[in-house]
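One structure is given here, and the rest of the page talks about it.
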2 protein chains.
Amino acid sequence: MARKTGSHSEITGPKIRAEAQRLFARHGFAAVSMRQIAAAVGVQAGALYLYTPDKEALLFDLLKSHMDDLIAAWRAEAPEGADALARLERFVRFHIRFNLERAEVVFLSYMELRNLSEENFAKIEGLRKTYETELEEILKAGQAEGVFLIPDTKLATMAIIAMLTGVNTWFREGGRLSRAMVADIYWDMVRKAVGA
Amino acid sequence: MARKTGSHSEITGPKIRAEAQRLFARHGFAAVSMRQIAAAVGVQAGALYLYTPDKEALLFDLLKSHMDDLIAAWRAEAPEGADALARLERFVRFHIRFNLERAEVVFLSYMELRNLSEENFAKIEGLRKTYETELEEILKAGQAEGVFLIPDTKLATMAIIAMLTGVNTWFREGGRLSRAMVADIYWDMVRKAVGA
DNA sequence: TTTGATAATGAACGAGCGTTCAGTTAGCGT
DNA sequence: ACGCTAACTGAACGCTCGTTCATTATCAAA
């Protein structure tokens, strides 16, 4: 056997990315072999190298795409002219919703950064910083408007993001609370934390 | 060569645990080989098996000891008769301090849980739950006293712990803020978040 | 229908993995 | 000084790893 009937790169390519994401998230990057990914896709290991130069590039592509999506999605949704309080509320709800929708890759982008080369690590960190800055700008604006009372906007940024991302570690669909209720409760805590 | 001059299990044993902790934290459990650990200790790989039945047990021992230490340290430090606000402040400062002092194993206990067997995973999760309950009891007490205004004590517990543990991801010794200043700022945010 | 490009196979490469164990040396109580 | 035990070596076991490549089957355009 060689080429399979009905095989197309537009199908196999995304399939590889999807299976890699699923397996990396479930077992960890280092614990997943190229052969496992290939088996999940339904090809031999060698075929993966038509789609990625190496294993690390596969991980990097997943993380890079995710960060690009995250930033683009937020910028598309961020209320431009609104006051800081409204923008902060939007950010909180956006972050929880977006991250819960992509739990696998979010998990990956927190756990598997150290498996990237120094160069690729720096790229992802840069994008993360870009995203964090979006929140910090809101906090600074609120501080300037006099509606927030924040001792340190940098720390508040890190604290809020850690708090919101933490939802992914415990939230289970069909549990005691719906996503909307969780978002409401977290927004209440964040609003109070910034003194608004 | 066989036994080395000056070799003693009371020295080699802890050394293995220390090097394993360092390497696991730096490169990830799956990415570190028994030979690497042995080389860092200064023995051959086979010697490690005088101290651990297998690689996973090495990881489990590190995590188990850490969780035991964490819970014991908090119980030793928790103010028994105090009011909820004072107990919460103590918890916040304790958690930040204790976790910053043991950054490596804290990192491990968040990243490498999935490398444990189901059985060992459950044990660590149980200890984590025990620790979280200590915080939730404080929040419930404060709610009962009427000094806290918390929409959901379970969520508040998760939110606060995620927020506090997040300090480990960005804090660097000799940076803009000292540990004490960080603790002050986080306590301010937590206090506000619970409505006190 | 022919033909070149595309998509895949499957075997092979050298290296490293966790783990076991017979053998060897150092420490130490007698 | 002897002998027992604790500490460690070094080689070996069977696997799996990421990656390469000559080969082959299918697809799509001419």
Side-chain angles (χ1 to χ4, degrees), chain A residues 1-24 26-63 108 112 114-117 119-120, chain B residues 1-24 26-63 108 112 114-117 119-120:
Chain A
M1 263 183 284
R3 180 168 188 174
K4 307 167 114 175
T5 65
S7 68
H8 286 285
S9 60
E10 313 93 67
I11 295 174
T12 306
K15 221 169 167 185
I16 289 173
R17 290 165 53 94
E19 293 298 336
Q21 175 172 308
R22 194 178 60 86
L23 290 168
F24 288 163
R26 192 154 305 180
H27 309 290
F29 174 78
V32 173
S33 72
M34 294 300 265
R35 284 172 180 82
Q36 277 176 67
I37 298 170
V41 172
V43 296
Q44 293 298 314
L48 301 183
Y49 291 85
L50 295 169
Y51 300 90
T52 183
D54 53 40
K55 194 185 175 192
E56 193 216 304
L58 201 47
L59 175 63
F60 177 70
D61 280 353
L62 291 172
L63 301 189
L108 271 189
E112 305 295 353
R114 62 177 150 194
N115 292 297
L116 297 177
S117 67
E119 193 185 335
N120 284 339
Chain B
M1 262 183 286
R3 182 168 186 172
K4 307 166 114 177
T5 65
S7 68
H8 285 286
S9 60
E10 313 94 67
I11 295 173
T12 307
K15 221 170 167 185
I16 288 173
R17 289 165 53 93
E19 293 297 337
Q21 177 172 305
R22 195 178 59 85
L23 289 168
F24 287 163
R26 193 155 305 180
H27 308 291
F29 174 78
V32 173
S33 71
M34 294 299 267
R35 284 171 179 83
Q36 278 177 65
I37 298 170
V41 172
V43 297
Q44 293 298 314
L48 301 183
Y49 291 85
L50 295 169
Y51 300 90
T52 182
D54 52 40
K55 194 185 175 192
E56 194 216 304
L58 201 46
L59 175 62
F60 176 69
D61 280 353
L62 291 172
L63 301 189
L108 270 188
E112 306 294 355
R114 61 176 150 195
N115 292 297
L116 297 177
S117 68
E119 193 185 336
N120 284 338

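Naming convention: chains lettered A, B, ... in sequence-line order (proteins, then strands); numbering from 1 in each chain. Values below: every heavy atom of this structure, side chains too, minus hydrogens, waters and symmetry copies.
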Rounded to the nearest 0.5 Å, how far apart are CD1 of B/Ile37 and CZ of B/Arg17? 12.5 Å
Shortest side-chain distance from A/Thr5, nucleotide among D/dC8, D/dT26, C/dT9: D/dT26
CG-OH distance between A/Asp61 and A/Tyr51, expressed to the nearest 0.5 angstrom: 14.5 Å
Hey, what do you get for CG (A/Asp54) to CE (A/Met34), rounding to the nearest 0.5 Å? 7.5 Å
Euclidean distance, atom CG of residue B/Leu50 to atom C1' of D/dT5 [Å, nearest integer]: 13 Å
Which atom names give the shortest non-hydrogen contact between B/Ser9 and B/Pro14, and what distance separates them? O-CD, 3.8 Å
Can you pull out the residues from residues 52-60 of chain B that lie within a 4.0 Å heavy-atom distance of DNA chain C? B/Asp54, B/Lys55
For B/Lys15 and B/Gly42, indicate whether the former's side chain and the latter's backbone hold a donor-acceptor pair under 3.5 Å. no
Please list, by residue number, the residues of residues 32-43 of chain B whose heavy atoms come closer than 4.0 Å to an atom of DNA chain C; answer none if no residue qualifies. B/Val32, B/Ser33, B/Met34, B/Arg35, B/Gln36
Measuring from A/Leu48:CG to A/Leu58:CG, what's the distance to the nearest 0.5 Å? 7.5 Å
Which whole-number value in Å describes the distance from B/Asn115 CG to C/dG18 P? 12 Å
Provide, to the nearest angstrom, the distance between the CG atom belonging to A/Leu48 and the P atom belonging to D/dC17. 13 Å
May I ask you to evaluate whether B/Tyr49 reaches the phosphate of D/dC8, defined as a side-chain N or O under 4.0 Å from OP1 or OP2? no
5'-most by nearest nucleotide on DNA chain C - A/Tyr51 or B/Gly6: A/Tyr51
Strictly below 4.0 Å, heavy-atom distances to any atom of DNA chain C: list the hits from residues 8-23 of chain B, or just say none. B/His8
Among D/dT24, D/dC8, C/dT19, the one nearest B/Arg3 by side-chain distance: D/dC8
When you measure from the side-chain N and O atoms of B/Lys4 to the phosphate of D/dT9, is any distance below 4.0 Å, counting only OP1 and OP2? yes
Evaluate the side chain to side chain contact (heavy atoms under 4.5 Å, CB included) criterion for residues B/Thr52 and B/Ile16: first the C-alpha distance (whole Å), next the side-chain angles of each, then the deciding distance (0.1 Å), finally the verdict. CA-CA 10 Å; B/Thr52 182; B/Ile16 288 173; 5.9 Å; no
Taking C-beta and beyond as the side chain, do A/Asn115 and A/Glu56 meet within less than 4.5 Å on heavy atoms? no
Cationic N near anionic O, under 4.0 Å, B/Arg114 to A/Glu112: yes
Rounded to the nearest 0.5 Å, how far does NZ of B/Lys4 lie from OG1 of B/Thr12? 8.5 Å
From A/Leu59 atom CG to A/Phe29 atom CZ, the distance as rounded to the nearest 0.5 Å: 5.0 Å
